[in-house]
Protein chains: 4
Amino acid sequence: MTVAEKAGLPVSRRKPAGRKSQQRVKEILQAGRDVFSERGYERATTAEIAQRLGISEATVFSYFRGKRELCARVIGDWYDEIIDAIEAGLPRDGSVRQQFAFIVRMHLRLMLVNGTDLCALVLSEGRARHHELSEALTELQRRYTAPLMRVLAQGQQSGEIRADVPLRLLRSMVFGPMEHVLWDATLTNRQIDIDATADQLIDVLWAALTPPDLALSALQRFRMDVAEASRRFDEASAARREKND
Amino acid sequence: MTVAEKAGLPVSRRKPAGRKSQQRVKEILQAGRDVFSERGYERATTAEIAQRLGISEATVFSYFRGKRELCARVIGDWYDEIIDAIEAGLPRDGSVRQQFAFIVRMHLRLMLVNGTDLCALVLSEGRARHHELSEALTELQRRYTAPLMRVLAQGQQSGEIRADVPLRLLRSMVFGPMEHVLWDATLTNRQIDIDATADQLIDVLWAALTPPDLALSALQRFRMDVAEASRRFDEASAARREKND
Amino acid sequence: MTVAEKAGLPVSRRKPAGRKSQQRVKEILQAGRDVFSERGYERATTAEIAQRLGISEATVFSYFRGKRELCARVIGDWYDEIIDAIEAGLPRDGSVRQQFAFIVRMHLRLMLVNGTDLCALVLSEGRARHHELSEALTELQRRYTAPLMRVLAQGQQSGEIRADVPLRLLRSMVFGPMEHVLWDATLTNRQIDIDATADQLIDVLWAALTPPDLALSALQRFRMDVAEASRRFDEASAARREKND
Amino acid sequence: MTVAEKAGLPVSRRKPAGRKSQQRVKEILQAGRDVFSERGYERATTAEIAQRLGISEATVFSYFRGKRELCARVIGDWYDEIIDAIEAGLPRDGSVRQQFAFIVRMHLRLMLVNGTDLCALVLSEGRARHHELSEALTELQRRYTAPLMRVLAQGQQSGEIRADVPLRLLRSMVFGPMEHVLWDATLTNRQIDIDATADQLIDVLWAALTPPDLALSALQRFRMDVAEASRRFDEASAARREKND
DNA sequence: GATGAATGAGATTTCATTCAT
DNA sequence: AATGAATGAAATCTCATTCAT
């Protein structure tokens, strides 16, 4: 049972009994993935999906209840892939930082490998609160971010990750830049060095996640105290001089 | 002259000479803002926009050349508002961190005040590279991110912001989380304490932007300050002694 | 009273009392002539007509009951001009051939001077049996072709023009080529030497109109008789030879 | 391959594979022919075309990319019919006059058989240089007039057709009256005796095309024929005499 | 006398979806 | 299992025309 199915997304019209049938479903899902990615939900047409497979539109509709359902399956499957890959490869025994790095790197890699187009679909369609589609996706979103949340929580407990900021915000701190980087790359048609970018991102993000250096902040506070003392001393000296004149 | 006009977007079919006419334009822009936000570009209909104002569709088309242009104006105006507000209020004489904080806080505030729906529109439509709309928006995007880029570059030169990471990535580090936070708030229908969130975000982001070895440089500066204070203290002591002699 | 008025075309909404008013009417008719010519009836818009004059559409409608009426006036006025020019200049005392030549030359000249565009309008719109407009134009057509018909009839009586063909057909023989030449010039964007073309056309047309040379046709018939006799002689010779063999 | 296809006109959205499909295409083309003829391009509506067939508008659009293309096909097919009929029946071995007569007669007949309405469409729409439609028709026009041009050129070389006038003008001399006659018949709703009219037209036109000095050359040829006959008679007489000797 | 503003009535076109075969 | 054929429903956009000011 896939994640999509667990999330309660409606699936198909016919029971995909035969092996041939399952093959067809796969083909349609792939074509759907391509077309939805390239055009976005609204501008994608069932006609084009069928045409790419050289089959008739009617056939598509005999495997999926409709355009919306097909799109839901496409997005659901994409989530499944990522979630499975992350869950499978996550070094649960590694350090918090190692696990964090793995998640970020893996995400970036999977998103790019799948083509940023698909990512764009998920982002802009999955997020648009418009259609009913989004309801079913909320659960997927949860599962999708679950590994990161777990690691962050673990880090907060162990003191490796700052706890003075809500987890929800930290999650935005991690996913936000990743998505933004991908948008950027997609929109400007820029090829990015996936691993180098991942390393930089991990580095910068980690700096944001770790607790502010206590020693450093204490030092800063002390430094300010000294500066203040120095200023007061100068003022006092000046005042005394005036009085003596 | 608005940013939209500068960007060369076609504007209206009818000359908005009269005061009444200008009022209508405003009304339609407002209704358009609402509908486009709520539904997204494709699912928004000119019929609904007209209906909300209690006017006929034809009237909408007599003020705007078409749906696309209306949407462009809606988005363009939104950009204008934000760009103008940032440019006007930016404390150019303040420290890098002050300017940075202003930009982040202002962005969040404006995005939320305008309704995250609109923000969603700009994000998902302005970014979908499908339609021609996006062409006209590239310049707006540039102007929109210009203040932040300026401040970041300034900070890199002064050593306050890490220079070992491309500006482009740092930009994603800043805008990404902001947008993600807003998505989050919108999708989960959660009210967020705007100023508290801004403060937290600024704090966390700044940690990411700061050069990793800032602790050392801070210590060095502190030593110099102490040495200076010590020198002034000695001078003062010497001076007083002379006077007493 | 113009020809158009005589033909019963509806004219204007308001009484054009003042001199200023009459000036307006003229301006609108001129702009209408331009736009209808350039675009054809259906593709012409009242908006463009008004715009070219820098006035509002509403003003056009306060001088003319509607688009159809305006177009009818434009076409009617064009007919008036041509009819008047022909009737005024026709050398009624000249020979049939002189009058014929005058009519053809004048027509070509007026059509081209007015721009073939206008001619195209009259031809394709005036002729389209579609709209009610055409009804009113039938009478104009009659008056328009009247001078030629008169001359042709006169020629038939005097024996200068062949009478073995209906007048109606001869009329088509004259107007058909003229219009075709103009279409041709317009469509291929070819400048034509108006007077040279007129001379050639008159020459060729006259050859078609004059009675078939009786002497010549008698000659031809005689020639055929001789040829036939010759053939029969050859056959007879051949037959005789075979018999003798 | 039809002329329309050769001209590169886009054809249909759906592949007309099945027999039923081809039937539908024919039906729509026929209905289109009717409606476009009756109303002209602009006033014809896809709604009416569909309605006459008792099908939905959407069906029309699933066989033709749009109104423009449908009209192009209608006109293109009409040209095809005429061109094919002329090319197929043209007596290439006949005299110039025979070929000329065939072309004129055939044209008139086909134009009338197809209904002068259609002819009106082609004339007024195909010629209106407004829309893009006309571009595709230029080539058809060329092919359409090609046979006549060939015959005229041939006649000019053999001296049977006057060469002191440009071919282009002679072409107008031929097509102009034909079209005018048809207009006339259509507008006045007059039934015309097609063959009688054709004969008259051919007769009159031929008089216009013949070199003005044909009487002289006919006479010369007659003299030569007589001389030849005389010579053969002498020979025959001589031969008989020899035999009798 | 002129017009700013508004609109009713279409026209073309698109597309997801159904159903008999 | 597949599809050819058809379509309902809607969306964008155009334009002649009206009318209060």
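All chains are named by letter (A, B, ...) in the order of the sequence lines, taking the proteins before the strands, and each is independently numbered beginning at 1. Bear in mind that the values here come from a model prediction, so they are computed numbers and not experimental data.
- Between C/T45 and D/R24, the residue anchored nearer the 5' end of DNA chain F, judged by the nucleotide with its closest heavy atom, is D/R24.
- Figure legend: cation-pi geometry between C/K67 and C/Y41, with NZ or CZ positioned under 6.0 Å from the six-membered ring centre and within 45° of its axis.
- Looking at heavy-atom distances under 4.0 Å, A/T59 makes contact with a base.
- Protein atom CD of A/Q23 is 15 Å distant from nucleotide atom C1' of F/dA1, rounded to whole Å.
- Under the side-chain hydrogen bond (donor to acceptor under 3.5 Å, both in side chains) criterion, B/E57 pairs with B/T46, not counting sequence neighbours.
- For A/A58, whose side chain is taken as the heavy atoms from C-beta onward, the closest listed nucleotide among F/dG4, F/dT12, E/dT3 is F/dG4.
- Between A/E38 and A/R52, at least one side-chain nitrogen of the basic residue sits less than 4.0 Å from a carboxylate oxygen of the acidic one, meeting the salt-bridge criterion.
- For the pair A/V60 and A/I55, the tightest heavy-atom approach, listed with the atom from each and the gap, is CG2-CD1, 4.1 Å.
- No donor-acceptor distance shorter than 3.5 angstrom exists from the side chain of D/K26 to the backbone of D/S21, with no hydrogens or angles considered.
- In this structure, the CG atom of D/L53 is 16 Å from the P atom of F/dA5, given to the nearest Å.
- Here F/dT3 presents its C1' atom at 17 Å from CD1 of A/I49, a figure rounded to the nearest Å.
- Rounded to a whole Å, the OH atom of C/Y63 is 18 Å from the C1' atom of F/dT17.
- For B/E48 and B/R39, the salt-bridge test passes: some basic side-chain N is under 4.0 Å from an acidic carboxylate O.
- At the heavy-atom level, C/T46 lies under 4.0 Å from base atoms of the strands shown.
- Axis orientation changes by 20° from one end of the helix from E/dA2-F/dT21 to E/dT21-F/dA2 to the other, with each end axis drawn from 5 pairs and the value rounded to 10°.
- The separation between B/F64 atom CZ and E/dA6 atom P is 12 Å, rounded to whole Å.
- Listed pair D/S21 / F/dA5 meets the phosphate criterion, a side-chain N or O lying under 4.0 Å from OP1 or OP2.
- Taking for each of C/K67 and B/A44 the nucleotide of DNA chain F with the nearest heavy atom, the 5'-most of the two is the partner of B/A44.
- Spacing between atom CD of B/E57 and atom C1' of F/dC13 amounts to 9 Å, rounded to whole angstrom units.
- Side chains of A/S56 and A/T59: a donor-acceptor N/O pair is present below 3.5 angstrom, by distance only.
- Between the C1' atom of E/dT14 and the CZ atom of D/R65 lies a distance of 14 Å, rounded to the nearest Å.
- Nearer to the 5' terminus of DNA chain E, by closest-nucleotide assignment, is the contact made by B/S56 (compared with the other of A/A47 and B/S56).
- The D/I55 side chain lies nearest to F/dT7 when the options are F/dT3, F/dT7, F/dT17.
- Taking atom OH of C/Y41 as the reference point, atom P of F/dA16 lies 8 Å away to the nearest angstrom.
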